[in-house]
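Remarks on the structure that follows.
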Amino acid sequence: MSYVDYLVRRAIHSVPVIFGLSVLIFLISRVIPGDPVRLALGPEATDQQVAALRAEMGLDQPLPMQYADWLFGVVQGDWGMSLRTNNNVFSDIVARLPATLELTVVTLFFAVLLAIPFGVVAGTNKDRWQDHLSRITALFGVSMPRFWVAIVLQIVFVVSLGLLPLSGRLSDGVAPPPAVTRLYLVDSLIAGQFGTFLDAATHLLLPTVALGLATLAQVMRLIRSDMIDEQRKDYVLAARAYGLPNTLIEYKYMLQNAFTSSLTVVGLAFGFLLGNAFLVEIVFAWPGMARYGVQAILYQDFNAIVGVTIVVGIGFVTANFVVDLLYGYLDPRVRLEEG
Amino acid sequence: MNDSAYTTESTAAAQRDRDLDDPMVTVENLKKHFPLFEGIFQKKAGEVRAVDGVSFSIAEGETFGLVGESGSGKTTTGRSMLRLTEPTSGRVEIDGKNVVDLSDGELKRFRRNMQIVHQDPSSSLNPRHRVKSIIEAPLKIHDYGDSEARLERVEELLDMVDLPREFMYRYPGQLSGGQKQRVGIARAVALNPKFVVLDEPTSALDVSVQARIINILEEIQEEFGITYLFITHDLSLLKNVADRIGVMYLGRLVEVGDVDSVFGSPQHPYSRALLSAISTISEEDELAKPDRITLDGEVPDPREKPSGCAFRSRCAHEFDACAVEEPELYERGPDQVARCFLHDDRFEEGAEWE
Amino acid sequence: QGAQQTETTDESSGSDSTTTDQTSDGGSGGGSNDFHFIAGQVFGTLDPAEQVDYTQGLAAQNLYDELITVDAETLQPTAHIAESWDTEDEGQTWVFTLRDDVTFSDGTPLTADDVAYSLTRMLELQRGYSSFWLDYLDPSNITVRDEQTVAFEFNQAYGPALATFVQFYIVNSTVVQENEQDGDYGNTYLQSNSAGSGAYVLDSWEQGNSIEATAYEDYWKGWSEDSFDTFRSTVITEESTIKTTMQQGEGDMTDQYMGTQAYAEMDSYSNVRVPEVPQLQLFHFPLNCQKAPTDDINVRKAIAYAFDYDSAVNDIIGGGGVAAGPVPREMAGHNDDLVPMEQDLDRAKEFLDRADYSVEEINEIGLEHVVVAGTELQRQMGLLNQAGLNELGIDLEINPLQWARLTDRATSAESTAHMTNIFHTAKMPSPDSHTYLMYHPSSFGSYISQSWYSTDEIAATLEEARQTSDLQSRLEKYEEAQALIVEGMPSVYIANPPYRIGINENVEGWQYRGVMSFDWDVHSMTRSGEGRAE
Amino acid sequence: MADPILEVKNLHVHFETHDGTAEVINGIDFAIDRGETAALVGETGCGKSVTVKSIMGLLPSATIPEGEIRYKGEDVLSLSDAERHSRRGKEMSMIMQDPMTSLNPVLTVGEQMMDVLKWQGRPRLSLSKLVRDALSTGAKAEHRKRAIEMLGEVEISAPERVFESYPVELSGGMRQRVLIAIALLSEPDLLIADEPGTALDVTTEAKVLDLLDELVEERDTSVLYITHDLGVAREVSDRINVMYAGEIVEQAPTADLFANPQHPYTRGLLESIPTLSTGIGDGIEGHLPDYTNPPAGCRFADRCPHAEAACHEAYPYPRQTGADHATACHLFDGLPARERHESLAAERVDIGTAPWLSAGGDTHSGDAPGDISADGGTDQ
Amino acid sequence: MSTKTSIPFLDTESAARKERIRQLKRGFRTFAGNKLSLVGLAMILTLVVAALLAPYIAPFPEHAGAGVYFDQASEPPSATHLMGTDTTGRDIFSRVLFGARLSLLMSGIVLSIAISIGVTLGLIAGYLGGTTNTVIMRVTDIFLAIPPTLLAMAVVAATGASLFNVMVAIAFSWWSWYARLVQGEVLSIKEDEFIESSRALGSGWMRTTFREILPNVVSPITVKATLDMGFVILVGAGLSFLGLGAQPPTPTWGAMIAQGRNYVTSFWWIAVFPGLAISFAVLGFNFIGDGLRDVLDVEVD
Ligand SMILES: Nc1ncnc2c1ncn2[C@@H]1O[C@H](COP(=O)(O)OP(=O)(O)OP(=O)(O)O)[C@@H](O)[C@H]1O
Ligand SMILES: Nc1ncnc2c1ncn2[C@@H]1O[C@H](COP(=O)(O)OP(=O)(O)OP(=O)(O)O)[C@@H](O)[C@H]1O
Ligand SMILES: [Mg+2]
Ligand SMILES: [Mg+2]
C-alpha cells in the first residue's frame, strides 16, 4: 500500500468519525435537560406558543426521526435554526469561524515557532540553567488558567503600559479589509492595506499569547525530551565527527527527528484550541465561534451545539490528517513503511 | 502441574545416538511467502518468497547449522518452524507433532518444547523487567510450581548459565551483552525444551564472550539432549558447533551435509565463496580454506526471483542450463547434497568444478 | 457567560409620565460623535416583535418607536407615537390617536395601517411579548378608523392594556410586507435591516459581535447640536474587559448586570460615573409550596425569619432596600401596609418547632436552593441563606444551575427546587406582573411562579383586577391581593435592588426610565466636551 | 622513528553515573604513524569507542581528568571548541560503529553527503552562505557529482539511486558503505573506523577491508581500525593495540603479536577465536570489572588464570617485553614469576608457543621491565 | 571446563537482598540526582500534608463550611488573613488548604479513570491492530472532538449532579488522549524483539500487552499525567463556572479562581492565591514526573 493510498484510506475513515460524532453529539444535546423552546420564546410564552415552536422545530418527534431530519438538512447545507440567533446555524458558524480560525492558526504558529528554539535550547543544555529556566517558565505557562493569563496581560500591556489594544479584531474606525478569506491578516495583505494588517496583528497579539501559552509549553517540553533522546543517537555524533556546524545539526538533523512526535500533539492542539478558545475569546471580546459554542451550550441551543461540535470535530480530523501528511514529509520512514 | 514433569531428566540423554532415521525435528518443503499489499483495499500484489521449499531433519541432541547471506531466509526458516510467523505451507514435525497443525491453545502449551534465542540480546529482553521475572516468565506461563519452586528454578538456571544469583534483581540495561545473552539462554531452556532455535546467538558479542556462550550452550545440550538449530553467518564458528549444516541462498537450501564434508569440500559455488571469505588468524587455516572468491554481479530482488538457478547472476560457473530450470539437490557424498548443475551428469560443464 | 442568565430574567417596568420632547434641530453634525454601548450579552434578534431581553430592547428602542412610552419622572405610561387615547365599552376597546409628523426612515409617514399591521404581526408571530395580548385580543378585532386612528377591541375589559403598549414597536408595514417570505411577516428581512421610525437606522449587524447605526436626520423629535451621529454597540462579556474598556475611555455606557463590585470600581475611575436609582425590581426566593418540607407554612416562615436581610441588601447588593411583599416598593399599586422582613432567629426556631417536620426530617429530605450558575451575587445569596439556616441546624444544599435548566425545572411543582434565586423586574408599568404572573394558577409553570402558591381568593382578586378599567380601583385590588399573598409566605422577599450602570463622564442626558432598555434611548443623550473622557 | 600523526598519552576518561564515577579509560598510551593502520581490539565494553570518541572530542558527558591527545603534535585537549571543531572532518574523520543508527533516518543519503561537502569545518551557519548555496546551482551540481563518485568508489552499484535514497531503503551493508563514503568525502589524514565490519556478512566485510587497504595506499591515510575480531585485525593492520577494561594491555606489530602473544588476556582472546583447524577455545571466564569500583591492581586479575597476590594489589604498568612490544602484566616482572607463568602457560595455551619458551633471551632485556607509561611504549 | 561455578558468595539470600537494596538506592540516587525532583517531592508532600491536616492548621477552619462574614469581606493579605479574604469574608488561606483536598482528589480520580480506560484501549488497539485498532481509534477520535463540558453536562443529566459523576464525565472525555498516546507508543514497541520473545514463550495477548508492553509506555504516561494533574483542576474550574462542579461552600481551587476572576483588578488576592496553589501543584507534579522518568529510563540505558 502506498503512502498516498494510506492517506486516502485515512480520509475515508474520517467519514464514519464525523458521522459517529454527529450522532453522539445529537444525542447528548437532546439528553441535556432544560427546555430550549421556552428559553427561546421568553418567560411570557404560553403553552400554545411553546407547543407551536416545538412542532415547528420537529422537537415533538422521536429522536431517530429528529436526527434523520437534521442529517437530511445538513447534507443540503441547512444546519437548522439557532434558537438563540434565529439564524441558520451554518451561516452563524460561517460568520464566526474565520475569527476563531485566525486566532487558532496564529496561536499555533506562534506556539510552535517559539517552542522550537526553547525546546532545542533546553534539550541541548539538559540540566543546565537554560533548561531549568525554560522548563519552569513553560510549566508556569501550563499551570496558569488561560482566562487569568488573559486578564493579567490586559492589565499589564493595555492598562499599565498602554502598548496594545484591549479587545476586538480591529480598532474603532478601522474598516475590515474586503472579505476574501475573512481572515483579516490575509485579506488585508491581499488588498495591500498594510495599516489594517498591522492593526489586526496588534489585536491578535495578546489573545494569541494567552491562548497559546499552554500549547507552547507542552510542545516545548516534548521537543525538549525528544531532543534529549536524539542527542544520544549515533547520527548526531556522526554529524559532529564530519565537522558539521552545531546549529545545522541541532536545527536540521535533530529537530526534524525530534519534531515528528510533537507533531501529533500540535495536531491535537489545533482541534483543542478550536473548541477551547472561548475563555480567551470572551476576555478579548473576540467575535469567534468558540464563544458562540459556549453560548449554545448555556442556552441549550441544540442545532448550534451540534453544528459547532461538528466543525470542531472536522477540525480535529483535518488536523490529524494534515499531521499524517506532514509525518510523511518529515519522516520518510512513515512514507516508506506504510507499504 | 507436577514438578516432576520438569525436573531435569537424567543425563542418560547424553547417551543418545544421533539417529537420522528417527529425527527429533523434520522440516518438509517449508515455505513462507510474505504477501505484498497494494492499493486502498489492500489488494495482494505479489510476494516475497523468503523461504521457498526447505527440507531437512535434525536428530535428537544434534546441532544443525544454517548459514547463508543476509536476507537469504535463515531467520524466517527458524521463526516459521516455531510458528512465530505462520508458515505458508509445509510440515514441521517436532518430537513427533506436526507444529503447523496445532491449534492456538495447543500451540501455546507446546511452546514449552520449542524455544528460541535471538540474535540481539538487548532487544530480546524487556528492558523494564528484572532478570528474575524475565527468566520466570516461561515458568509462570506454563504453571511451573509455586513461587518458591520457581525461585529455586531461576537460581538453578542462573547457575547453569554461570551468572551470579544476585543478578536476579538487575535490569537488562545493567548487564553486559554477554550477560544478557546468558539470561536469554536461561529463559529459553527454563522448561527443558526439546528443540531450541539459536538465531545468531553470539553475533553481537565479541569472541571471548562468544566462546563462553558456546561452551554453555554445548554443556546444556550435552546434559539435557536438546536439539539445536544454529543460525549464523560465522563459518568458523559453525565449523566448531554444528554436526551438520545447511547453506541457504535466496530462500532455498543450496547445500546440506555433514559439517566436515561441507568444509572439506564444498559442493556449491556459493558455499565455496562463503568459505573463501573466512578471516583467519593462523597460516594453517589460511591454507585450509579455498582461495578468495569475490562475488560480483547483482544480488537478485527476492520479490522477483530469477528463473532457473537463483545464484547464477553471481556465479562464475554459470552456463546456459542455469537460466532454464532450477537444479535439484544432487547427492555428493554419504551425507552431502548440493543444488548445482555442475554435478549433473547431463552437462559436461561439471568437469570445471574439480 | 453566567452573568447573562440573570439578564434574561430581567424585564423592566414603567409607569405613566411625560418626557420632555427634545425637539431641537440639528441632527448629525460633522465629525464622529459616536455613542458606544457595551453589551454584556449577544443580540439574539433585531425584530422588535421578538424582543424580550435588554439587548433586543436596546435595538428596538433606538431603531423603532413604541406606541406608548414611559415617563422618566413618574415611571408611568405616557404619550409617544400615540398622541392620545380613549377607552370604549367599559374598557374593552382601546382607541389610539397617532401623531401625524412621524416618518419612517425611508421617508414615508407612519399611519394607523402601520400600527394595525405591527400588532397583527405580533399576534401572528406569537413571539416576544405577544403573550400580553394573545389571550385577550384577536387580530380581526384590530380596526383602522382613519389615517391617524386605530382601535383594539379586547375580549374583556383589559386594565393593564396601556402599560403593555410600551412594549409594542411599530414597523413600516409597506417595507416589511414587500419583504415577506413564506408568511414570515418579514421576520427574516428584519434580522438584517431596520424598518422603523426610530432615531437611528441600522448600518450593520455582525451577529454576536456588534451593531452599528446612523442617525436618521428627519427623526420626528429632532436633533440637538451634541446629539450622537452614530450609535454602536459591542458585545463584551468579560467583566474585567468591560471595566478596562470604560477606563480606557473606549466605551460610553455599560449595562446593569455586572457584579456590585464592578460598579464600585468603575465609580472610582475619573472618567466614569455610576448613577444609582431605585428600580422596579424584586429579588426573592420563591419557596415551593407544593413540595415537602416547604409545603409547611411554618417551615417557610422559619426559613424567612432565618434569612439575614440586612447583609443581603447592604453587603451583597450594596444598596436599595429590603422588599415589602412581592410588588416593588417604587411601583404604583404597592401595598404600603406591608412591612419588610427582618432576621429573627428566635422566631425562626419557634416556627420550626411548630412545623410538621423536625430538623432531622428536613435534613433527611434535603433542602435545595437553586442559584443561577456563574454569578457572584447569586452565589453569595445562596451562601448567606446557607449561613442563616445553618443556625437552625438545617443543612442547605446550594445547587448552581444554568438558566435553561432552571426554567425547565420550573415547569412542574415536583421538579421545582425548594427555593430559587429570582430577579423579577416588571416588564410593564403595572403591579400585575408581580402578582398575577406569580400567584395566579394560570401562570404556573414559569420561572416567575416557582412558589406554586395560590388560593381561590387570591386568584379571584387578581382576575377582578385585570378586568377593572379604572386605574385607582384596579391598584386597590392589587394591594388587596398582596396582603393575601404575604399571609401564605410563599417567598422570601428579599430586596428591591437599585439600578446602576457605568457612564462616561462626557455623556449627558441619561435618565432612568423604569422599563428595560428605555434608559438607553441614545437620542435623548448628548456628548459634552471633546469626545469621550479618558 | 616516523613522526606520529596521533599520540595518546596517559589518557583517563571518566563518566559520572548513578552508581558513582565510572573510570572507563585508565591511562592509555598509543600512537599512530602517518600512513599506518593501527588496530584497537578488545572485548565489548572495554572502552574502544570511548577512546576514539575522546580523540574526536565527541563525548560531552565525559570528563578527562588527565592525559594528552596530540594530533600532529598539537595538544587537542587544550583547544577551544571551535578549534577542535575545525579539526573534525577534514583532518580526522570517523566511521561510526553502528551503520543502522549513524545515518540520519529522515534525510536522503545525498542530502547528508552534500551537507558534509558544504558545511564541513565551518563553526556556524552563516546566512550569506545559505543564500549563496541556494542560488548557485553550479556548486551544487559539482557537490552532487563528487558525492556520487564517492559512492561509486565504495562499490555501490547504483550510486545515483542510493544518492536519492533514504537510509531505511538501504541494506545494512549499503549503509555501512555509505558511512565509509561520507567519511572519505573529507579526505581526512586520520580515519577512525569503529568496527565497520560488524553489520556485514563475511563476503561483504571482506570487500570493505579491501577498500580501506586501497585508501591507505593511495592517499597515505592513517587509519585506526577498531574491532573485536583479531582475525580481521590481522588482515588490516600494521600494529595492534589490545585493550582490556580501559587499559592497553599489550601492543605490538601485527605479525609479532600473533607470533608472540604475551598478555594472558591476549592469549585468552586468541584462544577464543573459532578456527577451522583447532576448534573453539573455552573463552575467558568472568566479566569485565565494574568501572565505578575497579580493582586496585590489575583489572584482569580476577579473570586471569595466572593471577598472583601481587596482581590484585599493584597496577601493572606496561613494560617493554620486546623491541617493539609492550605488555602490561606483572608476570613479566621478575624471573620467578615468569617461570611460574611459563609452567601455567604450557598447560593451557595451545596457540603458538610462548616466546620465552622458544629459546634465547633475545626478546627482552630481562632485568629492567621498563615503565613505559610516559612515552616509552610508543617511542620506538 | 566446568561452568557450574556457583559464585562463592557468603549466602545468596543476603546477597540478593543486598542487590535489591542496591537497586533501590540506585533509583533513589537517580531521583535525588535531579534536584528539581526532590523539590517537587517536597512540594507535593507539603500539599498532601496540608490537605490532610487542613482542619488543624487552617486558621479559620469554619470558613470552609457554611457561613458568611461580610464584616471582613475582601480584606487584603495581612497577618490574620495570610492570603486575604474573599468577597464573603472567608479566609482564603484556610480555603486554599481545604481546597487542596478536593482538587487533588478530583485530579487523582479523574486521571485514574481516564488512564485506566485510555491505556487499556490504547494497548489493545495498538497491539491487536487491524479492525480492532481502526474501530477503537476512530471512537477515540470521536471522543477527542467532544468538548469535556458538553460530555459532563450529558453525564450529569443522565446520572444526576454529583461531584463524582462530574469526575466520571471529565474522565470520559479525557481517556481519549491517553488512548492515542499509548496506541502510538505501542505501535513502535510491538515491533521490538522482546515482544516476539514473549510470544515464543507461549504467552497470550493479555499477558503480552499488560506485562510486557505496558511497563514500556509508563514513562510517556507519567509525563502526560503529571501535566494533566493541573489541567484537570482547571477544567474543574470551568465546570464549576457552569455550576457543574463541587457545590458551594465546598472550596476547590478551580472554583475559587473562577469566582475571583472578576476581582483581579480590585481584589487581586482572591484569584491569585488559588491560582498559585494550582501552579504550585502542577510544578510539583511535573518536577516529580521528570525525576520519575529519569528513574524509569535509567534502567534502559
Ligand atoms: N515480515 C516480513 N514481511 C515481508 N518480508 C519479510 C518479512 N520478514 C522477512 N522478510 C523478507 O524475507 C527475506 C528473508 O529474511 P530473513 O530475516 O529470514 O533473512 P536472514 O537470512 O535471517 O538474514 P540475516 O542474516 O540478515 O538475519 C528478506 O528478503 C526479508 O526482507
Ligand atoms: N556516556 C557514558 N556514560 C557512562 N558510561 C559510558 C558512557 N559511554 C560509555 N560508557 C561505558 O564505557 C564502557 C566502554 O564503552 P565503549 O562503547 O567504549 O565500549 P567498546 O569497547 O566500544 O565496546 P563495543 O565493542 O561494544 O563497541 C562501557 O562499559 C560503557 O558502559
Ligand atoms: Mg536473521
Ligand atoms: Mg564500540
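Each chain gets a letter, A, B and so on, in the order its sequence line appears, and its residues count up from 1.
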Enclosure of [X] [atom1] (heavy-atom neighbours >12, cutoff 6.0 Å):
X	atom1	value
A:F270	CZ	yes
A:F321	CZ	yes
A:F118	CZ	no

Contact summary for E:A145 and A:V312, nearest pair of heavy atoms
O-CG1, 4.2 Å

Tell me, for [X] versus chain A, whether the close heavy atoms (under 4.5 Å) come from the side chain, the backbone, both or neither.
X	answer
E:W177	side chain
E:F143	side chain
E:V272	both

Stepwise, does the side chain to side chain contact (heavy atoms under 4.5 Å, CB included) test hold for A:N320 with E:R180?
CA-CA 11 Å; A:N320 284 344; E:R180 245 194 104 95; 3.3 Å; yes

For A:T264, is it the side chain, the backbone, both, or neither that has a heavy atom closer than 4.5 Å to a heavy atom of chain E?
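Side chain only.
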
With a 4.5 angstrom heavy-atom cut-off, could you sort out which part of A:L274 is near chain E: side chain, backbone, both or neither?
neither

For A:D131, side-chain hydrogen bond (donor to acceptor under 3.5 Å, both in side chains) partners two or more places apart
A:R224

Just so I understand: if I count every heavy-atom pair under 4.5 Å between each of E:V264, E:L144, E:I233 and chain A, which residue has the most?
E:L144

Looking at E:V282, E:V139, E:I146, which has the largest count of heavy-atom pairs under 4.5 Å with chain A?
E:I146

Run the salt bridge (charged side-chain N to carboxylate O under 4.0 Å, His left out) test against E:K190 and tell me which residues pass, sequence neighbours left out.
none

Which value, rounded to the nearest 0.5 Å, describes the distance between E:N286 atom CG and A:R221 atom CZ?
4.5 Å

Under a 4.5 Å cutoff for heavy-atom pairs, which residue among A:L268, A:L27, A:I155 has the most contacts with chain E?
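Sorted descending by pairs with chain E, the first entry is A:L268.
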
